[in-house]
There are 2 protein chains.
Amino acid sequence: MESTYRALVVEDQTLMRLALMDQISTAFENAAVLGAQTLEIALYELANENFDLVIIDPGLPGFDPTSQDDRLSVVSRIIEASPTALHAVITGSDNTAEADQFRGLGAVAYLGKTGLEPGMLCDVLDDISTSGFSIRLSRVTMTVPDYCHSALTPREQEIINLMARREPGMSRIQIYEQVAGKLGIDRDSAEKYFKKARAKIMKSDHKLPVGI
Amino acid sequence: MESTYRALVVEDQTLMRLALMDQISTAFENAAVLGAQTLEIALYELANENFDLVIIDPGLPGFDPTSQDDRLSVVSRIIEASPTALHAVITGSDNTAEADQFRGLGAVAYLGKTGLEPGMLCDVLDDISTSGFSIRLSRVTMTVPDYCHSALTPREQEIINLMARREPGMSRIQIYEQVAGKLGIDRDSAEKYFKKARAKIMKSDHKLPVGI
DNA sequence: CCAAATAGGGACAGCCCTATCCCTTTTTTT
DNA sequence: AAAAAAAGGGATAGGGCTGTCCCTATTTGG
């Protein structure tokens with residue numbers, strides 16, 4: 001077994017922090033991920049442990065979100081406390097000027113929260129491996145709403161959303177084939193899950209989401 | 001079966017939007033939840049469907065995040081497009097003055113993202129039922145870091161984090177009892193899960209999180 | 001010292017999710 | 001009309017998570 005991958009997420013918004021932690025723990029076979037809501041907790045953890053990856057939202061409680069000095073100070077203190085780790089900055093209000101500033105401090109990634117999707121972590125780490133830096137500025141990509149229903153299993157949920165985002169003009173069979181390829185399962189299985197999901201939705205709701 | 005509970009989450013940050021949608025879909029027995037990244041998508045959905053609950057982050061793409069007029073405009077347009085729904089505003093930069101403004105527009109909840117935790121939705125809806133309005137300003141509550149490990153099942157994860165947050169001075173048995181009560185399971189089971197989780201962590205990591 | 005607490009397991013049944021293969025009927029397209 | 005596509009479902013095997021009950025050492029506290 002590979003040795004444990006150690007990561008720390010410094011982010012004050014709890015749902016976002018937990019989502020990021022979940023992204024990391026599922027991206028690695030064997031990862032231990034800590035979450036800190038404040039700089040104090042982060043620095044405490046950094047003093048007691050060595051991390052491979054630290055994700056930082058510079059807009060932490062106790063600092064002025066409009067002060068660029070405060071934002072830089074948060075990141076630089078964390079980088080100084082963990083010189084061997086990779087540091088990724090994540091922010092809701094991103095711009096290229098700030099990206100350059102953080103890069104100057106030693107960060108290897110600058111990520112806007114808007115448009116940062118599940119599974120993006122691998123791409124970001126690839127960027128870092130190949131080019132030393134990853135930048136993902138916020139951008140709007142959504143054309144079809146997300147959909148989520150209590151009665152659906154995760155697989156069904158996934159397939160419903162993939163189907164809703166399909167390119168028009170393809171036959172169902174082609175789409176099943178494509179979706180099956182993405183998920184690594186059979187075409188038949190993809191078809192089955194989709195039909196099952198749609199049946200569940202129709203039964204409980206009598207109203208299908210857009211694109212289905 | 002109760003009729004389907006319909007909700008819409010208007011939020012541009014994808015991970016946050018999905019987290020909120022997940023919160024809603026698990027809080028209700030039978031819920032259909034849509035997610036919109038932009039005001040356009042939101043208004044399109046509102047035109048085609050009636051919702052019971054709409055959650056709005058006013059800081060959407062295409063609007064000036066520093067302009068209070070823009071923020072108010074986003075919320076008022078959504079409220080006008082769905083007069084029968086309950087409207088909850090969620091924001092990263094919350095303050096009481098803005099809460100009052102949105103309340104004036106007809107919103108029934110104003111929630112700061114910091115400190116907004118999993119499971120909070122029920123409390124918020126309770127507030128709304130009893131007092132007509134729910135306000136949760138951002139505040140820092142964390143004393144112990146979150147912990148998350150690839151090898152742990154959700155139950156084990158949950159128990160590890162509950163144990164890490166235990167109040168000092170209690171015997172393990174008392175804590176097992178308390179945790180079991182929260183989760184609705186046996187004391188023995190809680191004890192078992194905790195021991196299993198700790199063993200997994202020790203085996204893969206040789207380093208336990210704080211508080212364990 | 002004795003009793004309680006703790007560590008560290010094994011066994012087992014139930015359940016849901018996953019994935020595959022199979023089937024029939026209806027609709028659409030050619 | 002024949003062929004392809006699509007809807008709608010049944011059966012089944014495997015696996016992981018859950019929850020309960022049970023067991024033996026070892027340590028701690030009174």
Side-chain angles (χ1 to χ4, degrees), chain A residues 1 22 25-26 29-30 118 148-164 166-209 211-212, chain B residues 1 22 25-26 29-30 118 148-164 166-209 211-212:
Chain A
M1 182 189 298
D22 185 65
S25 76
T26 57
E29 198 65 35
N30 177 18
C148 162
H149 195 293
S150 314
L152 303 184
T153 69
R155 249 305 179 258
E156 290 164 353
Q157 198 98 244
E158 211 169 352
I159 290 191
I160 283 287
N161 278 290
L162 283 174
M163 293 295 283
R166 72 183 185 276
E167 292 127 33
M170 296 177 71
S171 72
R172 284 275 208 250
I173 280 190
Q174 286 176 295
I175 300 169
Y176 292 144
E177 200 84 50
Q178 183 184 312
V179 166
K182 280 187 195 171
L183 300 179
I185 61 177
D186 259 33
R187 184 184 57 79
D188 278 358
S189 302
E191 184 175 348
K192 183 78 202 292
Y193 288 136
F194 174 71
K195 289 177 179 175
K196 184 73 180 167
R198 188 177 46 186
K200 282 185 183 178
I201 296 171
M202 282 305 291
K203 185 178 175 187
S204 95
D205 200 353
H206 306 290
K207 181 156 174 46
L208 291 173
I212 305 294
Chain B
M1 184 189 295
D22 185 66
S25 75
T26 57
E29 198 66 34
N30 177 19
C148 163
H149 194 293
S150 315
L152 302 184
T153 70
R155 248 305 178 258
E156 289 165 354
Q157 197 97 244
E158 211 168 353
I159 291 190
I160 283 287
N161 277 290
L162 283 175
M163 293 294 285
R166 72 183 185 275
E167 291 126 35
M170 297 177 70
S171 73
R172 284 276 208 247
I173 280 190
Q174 286 176 296
I175 299 169
Y176 292 143
E177 200 85 49
Q178 181 184 313
V179 167
K182 282 186 193 171
L183 301 179
I185 60 177
D186 258 34
R187 184 183 57 78
D188 277 359
S189 303
E191 184 175 347
K192 184 77 202 289
Y193 288 135
F194 174 71
K195 289 177 179 175
K196 184 73 180 169
R198 188 176 47 186
K200 281 185 183 178
I201 296 171
M202 283 304 291
K203 185 178 175 186
S204 95
D205 200 354
H206 306 290
K207 179 155 175 50
L208 291 174
I212 305 296

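Residue numbering restarts at 1 for every chain, and letters A, B, ... go by the order of the sequence lines.
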Task: B:Phe194 CZ - D:dG19 P separation (whole Å) - done: 17 Å
Open item on the list: Check this one for me: any side-chain N or O of A:Thr153 less than 4.0 Å away from OP1 or OP2 of C:dT18?
Closed with: yes
Open item on the list: Without decimals, in angstroms, what is the distance between A:Glu177 CD and D:dA6 P?
Closed with: 12 Å
- [ ] Quickly work out the B:Ile173 CD1 to D:dT27 C1' distance and round it to whole Å.
- [x] 14 Å
Open item on the list: Any base atoms under 4.0 Å from B:Asp188, or only sugar-phosphate, or nothing? Heavy atoms, all strands.
Closed with: nothing
- [ ] For the residue pair B:Arg155 and B:Ile185, establish whether any side-chain heavy-atom pair is separated by less than 4.5 Å.
- [x] yes
- [ ] Using whole Å, report how far CE of B:Met202 lies from P of C:dG9.
- [x] 11 Å
Task: Working for side chain to side chain contact (heavy atoms under 4.5 Å, CB included), residues A:Gln157 and A:Asn161 - done: CA-CA 6 Å; A:Gln157 198 98 244; A:Asn161 278 290; 4.2 Å; yes
- [ ] Hey, which sits more toward the 5' end of DNA chain C by its nearest nucleotide, B:Ala199 or B:Arg172?
- [x] B:Arg172
- [ ] Measure from CG on B:Leu152 to C1' on D:dC17 and round the result to the nearest Å.
- [x] 13 Å
Task: Atom-pair distance (CZ on A:Arg155; P on D:dG15), nearest Å - done: 17 Å
- [ ] Answer yes or no: does atom NZ of B:Lys200 have more than 12 heavy-atom neighbours from other residues, nucleotides or ligands under 6.0 Å?
- [x] yes
Task: Separation between OG1 of B:Thr153 and CD of B:Glu158, rounded to the nearest 0.5 Å - done: 9.0 Å
Open item on the list: Taking any heavy-atom pair under 4.0 Å as a contact, classify A:Ser189: base, sugar-phosphate, or nothing.
Closed with: base
TODO: Would you indicate which nucleotide in D:dG19, D:dC21, D:dG9 comes nearest to any side-chain atom of B:Lys192?
DONE: D:dC21
Open item on the list: Please report the distance, rounded to the nearest Å, between OH in A:Tyr193 and C1' in C:dC17.
Closed with: 7 Å
Open item on the list: In this structure, how many angstroms lie between the P atom of D:dC23 and the NZ atom of B:Lys195, rounded?
Closed with: 15 Å
Task: Among D:dA6, D:dT20, D:dA7, the nucleotide that comes nearest once only the side chain of A:Tyr176 is considered - done: D:dA7
Task: Sugar-phosphate only, base, or nothing, as touched by B:Lys196 at under 4.0 Å among non-hydrogen atoms - done: nothing
TODO: Check whether any side-chain heavy atom of A:Ile175 sits under 4.5 Å from a side-chain heavy atom of A:Phe194, and report yes or no.
DONE: no
